[in-house]
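Notes to accompany the following structure.
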Amino acid sequence: MSKELMQMNIQRAQLRIKAEKEEVAKGSMRQRYHFMPQAGWMNDPNGLLYYKGKYHFFFQHNPYSSFWDCMHWGHAISDDMLHWEYLPEALAPSEAYDSHMKGGCFSGSAIEHEGRLYLIYTGATNVGNGMEQTQCIAYSEDGIHFEKYDGNPVIEAPEGVPACFFRDPKVWKHEDLFYMVCGASRGGRGQALLYRSKDLLHWEYVNVLAESRGEWGYMWECPDFYFLGDKYVLTFSPMGAGDRKSVYLTGDFDYSTGKFCYQTSGEIDWGHDYYAPQSFLAPDGRRLIVGWANEWEWMSYWKDWGPTYKEGWCGSFNIPREVRLMEDGTLQFRPIEEIRSIREDAYREDALLLEPGKEYDLKAGDGVAYELKMKIDLEHTDASRIELMLRGDGQRRTRCVIDLKKAQISVDRSLADGWSKGVSRSPLFLKNKKKLDVHILSDQSSLELFTDDYRNNHSMNVFAGNEQDRMYICAVDGQARIEDIESYGLKRTM
Ligand code: FRU
């Protein structure tokens with residue numbers, strides 16, 4: 001019966017999506033090339049992998065409304081991570097351990113084993129005394145239709161970890177064993193717990209891989225762990241850590257002891273709309289990472305996620321990024337090179353000398369969906385700051401300030417659209433630097449800004465209309481020299 005119940009719940013969800021999707025597709029705020037759901041609410045990326053010749057993205061999905069509730073796993077496949085084919089929901093709540101309305105099938109990961117595709121997810125339910133989370137398994141022979149394992153749940157919260165703070169398993173294989181990191185909270189500190197298994201079904205607790213000492217919050221959501229270059233990388237999204245929403249640590253790891261010793265920490269993205277990233281390997285060996293273009297803590301009110309709920313949907317992913325390790329242990333996050341395939345209307349300018357206080361228009365596609373790259377020649381710049389206005393119409397705009405005096409970059413969207421609040425800020429390291437690179441990806445409802453060799457990034461949602469298509473640059477208190485300006489329109493893929 002219970003196998004049938006999940007199938008029935010999936011069919012019900014599919015009927016709802018089918019009934020909604022045409023109307024939703026007409027929405028004026030729909031992204032043009034960023035991944036989003038056909039209808040309903042979406043949050044974290046789940047189970048990202050390349051499987052049988054396609055990229056598979058699963059995602060936290062509520063097909064029944066534009067707000068978070070009863071989590072399903074949505075599913076889509078692609079050849080290039082830009083053009084997508086939606087498949088039926090992979091998981092729907094159906095069992096005692098994942099059936100509660102305010103719970104369901106929470107975040108997790110995917111792995112191929114002996115010809116089957118396994119999903120490892122958190123079952124979230126409510127037994128009357130609060131949310132209870134356990135780790136569960138589902139598998140599939142064809143990569144489309146999944147069945148939950150009869151022996152679920154496979155892991156319960158260990159001692160000292162409240163059952164409401166035990167979630168988001170990320171699984172990988174090393175030599176003959178499977179490993180898992182899972183997010184947790186113990187004694188008010190965020191933790192990543194390490195487990196190990198021979199068969200994906202029976203798990204043994206190893207130890208605490210890393211934990212907050214107060215600086216990174218009380219709970220770690222969506223941890224991920226992988227080898228890159230000659231280091232190990234741990235990423236997680238802390239709860240209760242202020243502006244830090246997507247942290248990385250790089251260091252050394254020993255499989256025989258389970259000890260991770262990190263030397264470097266950083267932020268994957270400082271913007272308000274980058275959370276719960278998950279990574280996976282592309283077939284060519286690239287380590288790719290995808291985040292949910294939103295987050296929880298800035299939102300004080302249900303409408304704060306933006307006005308798209310009126311169009312019957314909410315949520316998109318940030319553009320997938322390639323992770324690279326630098327010599328000093330920091331990480332770069334570069335938009336995937338596949339984006340080049342949707343460029344049009346190329347525009348180039350070798351150099352632009354900005355006189356103080358004067359606005360210079362920059363051209364890029366239709367001013368809505370575009371890519372812009374340029375460099376600030378710091379040796380020939382004496383301005384105290386450079387301001388870039390994006391998605392402007394004379395009154396509304398998003399203001400990005402590169403403050404060379406304060407060594408800080410900020411993105412202020414309080415005048416962007418009448419919806420979004422907040423300024424994101426990050427420190428800029430300018431010592432011995434001759435050029436500062438800037439790369440912007442703009443889509444219908446989002447801006448992503450990359451600087452300092454893709455190590456200092458800001459992703460912000462901006463619900464601006466098509467009349468907001470002006471972009472200009474301005475130097476303050478001095479001159480600035482900008483060079484290697486290159487821009488493109490980006491074609492619609494969604
Ligand atoms: C992160 C998160 C996860 C959880 C999921 C529920 O955004 O809170 O910890 O599994 O979303 O939708």
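Here the structure is a predicted model, which is why all the values come from computation and not from measurement. Counting starts at 1 for both ligands and their atoms, in listed order.
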Contacting atoms of ligand 1, where contact means under 4.0 angstrom from a heavy atom of [X]:
{"X": "D168", "result": "3 (C), 4 (C), 9 (O), 10 (O)"}
{"X": "W68", "result": "6 (C), 12 (O)"}
{"X": "S107", "result": "5 (C), 10 (O)"}
{"X": "M71", "result": "12 (O)"}
{"X": "N43", "result": "5 (C), 6 (C), 7 (O), 11 (O), 12 (O)"}
{"X": "Y275", "result": "1 (C), 7 (O)"}

To which protein heavy atom is [atom] closest, and what is the distance rounded to 0.1 Å?
{"atom": "atom 2 (C) of ligand 1", "result": "D44 OD2, 3.3 Å"}
{"atom": "atom 6 (C) of ligand 1", "result": "Q60 OE1, 3.3 Å"}
{"atom": "atom 8 (O) of ligand 1", "result": "E221 OE2, 2.7 Å"}

When E267 is tested against each of R244, R455, K245, R425 for salt bridge (Lys or Arg N to Asp or Glu O under 4.0 Å), which residue passes?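 It is R244; the other options fail the test.
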Please determine whether a side-chain nitrogen of the Lys or Arg among E322 and R334 lies less than 4.0 Å from a carboxylate oxygen of the Asp or Glu.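 Not counted as a salt bridge, because no side-chain N and carboxylate O are separated by less than 4.0 Å.
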Identify whether the distance between the nearest side-chain nitrogen and carboxylate oxygen of K3 and E147 falls below 4.0 Å.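 Yes, charged N to carboxylate O under 4.0 Å.
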Short side-chain to backbone donor-acceptor contact, Q60 and W68, under 3.5 Å: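 Looks like no, no N/O pair under 3.5 Å.
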W172 pairs by ring-ring contact (aromatic ring centres under 6.0 Å, His included) with which of Y226, F225, Y232?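 Exactly one candidate clears the test, F225.
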Nearest heavy atoms of G143 and H75, plus distance in Å: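 G143 and H75 have their closest heavy atoms at O-CE1, 3.0 Å.
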Just by distance, with hydrogens left out, do N46 and Y121 show a side-chain donor and acceptor under 3.5 Å apart?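 There is no such pair (donor and acceptor under 3.5 Å, judged by atom type) between the side chains of N46 and Y121.
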